[in-house]
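Note that these values count all heavy atoms, side chains included, but never hydrogens, waters or copies made by symmetry.
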Amino acid sequence: MSKRHSGSAAVGFGIDLYRQIRAEFEDVRTAAYELALEETRGRLLNDRGRNAGIDAWDLFIGNEARARAYASEELLEHWAAHPRITVTAYEQQVLERHLYEAGVAA
């Protein structure tokens with residue numbers, strides 16, 4: 001196998017792994033959203049978020065400051081007990097787990 005071909009395989013593997021991690025994150029995000037919805041009795045947005053037409057689902061991804069700006073007090077309390085995880089943090093956790101399992105990281 002040439003270096004060029006093996007590089008293509010590595011890129012393909014990387015893309016597949018990225019897609020797998022993103023799909024796993026969506027499962028994590030869905031579970032977090034559903035738990036928050038249940039525990040807050042549907043009170044996910046504050047008045048500012050409702051008035052701005054924010055989709056509560058979007059509070060579970062992306063910028064922390066934005067999420068907190070539009071989150072209800074109930075959701076902020078929920079996040080204190082069940083920390084909000086971003087896709088970037090999830091990707092880092094998965095990478096660290098893979099490195100640990102491979103014996104590369106402690």
Side-chain angles (χ1 to χ4, degrees):
M1 179 182 296
S2 72
K3 287 184 181 183
R4 182 179 180 134
H5 187 271
S6 66
S8 296
V11 170
F13 174 77
I15 291 169
D16 289 345
L17 180 59
Y18 174 78
R19 287 181 181 147
Q20 177 186 343
I21 291 170
R22 288 304 298 247
E24 289 174 10
F25 176 76
E26 286 306 312
D27 291 342
V28 168
R29 180 180 176 206
T30 299
Y33 177 84
E34 290 174 355
L35 179 62
L37 196 60
E38 179 182 328
E39 289 193 356
T40 65
R41 295 187 175 122
R43 296 182 196 104
L44 299 177
L45 294 169
N46 60 22
D47 289 341
R48 183 176 171 206
R50 282 189 298 278
N51 292 339
I54 300 299
D55 183 345
W57 171 251
D58 292 338
L59 299 181
F60 290 80
I61 195 167
N63 185 287
E64 180 86 15
R66 180 181 179 278
R68 292 190 169 284
Y70 295 121
S72 67
E73 286 299 317
E74 294 88 347
L75 182 55
L76 292 172
E77 289 174 16
H78 172 79
W79 282 338
H82 308 279
R84 178 182 172 275
I85 186 165
T86 63
V87 68
T88 302
Y90 184 77
E91 289 170 345
Q92 184 66 35
Q93 287 177 6
V94 170
L95 176 60
E96 289 172 3
R97 185 177 68 234
H98 281 284
L99 292 174
Y100 178 80
E101 290 171 356
V104 178

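Applying the salt bridge (charged side-chain N to carboxylate O under 4.0 Å, His left out) test to pairs two or more places apart or on separate chains, none has a residue in residues 30-42. Applying the ring pair (Phe, Tyr, Trp, His ring centres under 6.0 Å) test to every pair with at least one member in residues 38-58, sequence neighbours left out, gives these pairs: Y33-W57.
Judged as a side chain to side chain contact (heavy atoms under 4.5 Å, CB included), and not counting sequence neighbours, the contacts of V87 are R22, F25, E91. Evaluation of the side chain to side chain contact (heavy atoms under 4.5 Å, CB included) rule for R66 yields I54, D58, L59, N63, Y70 as partners, not counting sequence neighbours. Taking the salt bridge (Lys or Arg N to Asp or Glu O under 4.0 Å) definition, one finds that R84 meets it with E64, sequence neighbours left out.
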task = Apply side chain to side chain contact (heavy atoms under 4.5 Å, CB included) to F60 and L75, showing your working.
result = CA-CA 11 Å; F60 290 80; L75 182 55; 3.9 Å; yes
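When hydrophobic clusters are built by joining Ile, Leu, Val, Met, Phe, Trp and Tyr residues whose side-chain heavy atoms come closer than 4.5 Å, directly or via intermediates, L17 is grouped together with V94.
Counting heavy atoms from C-beta outward, W79 and L76 have side chains that approach closer than 4.5 Å.
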Show me, pair by pair, the donor-acceptor contacts under 3.5 angstrom made by side chains of residues 44-51, not counting sequence neighbours?
residue : atom : partner : partner atom : Å
N46     : OD1  : R48     : N            : 3.2
N46     : OD1  : G49     : N            : 2.7
N46     : ND2  : A69     : O            : 2.8
N46     : ND2  : A71     : O            : 3.3
D47     : OD1  : R50     : NH2          : 2.2
R50     : NH1  : L45     : O            : 2.4
N51     : ND2  : D47     : O            : 3.2

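The distance from the CD atom of Q93 to the CD1 atom of I21 is 11.0 Å, given to the nearest 0.5 Å. Between atom CG of residue L35 and atom OG1 of residue T40 there is a gap of 9.0 Å, rounded to the nearest 0.5 Å.
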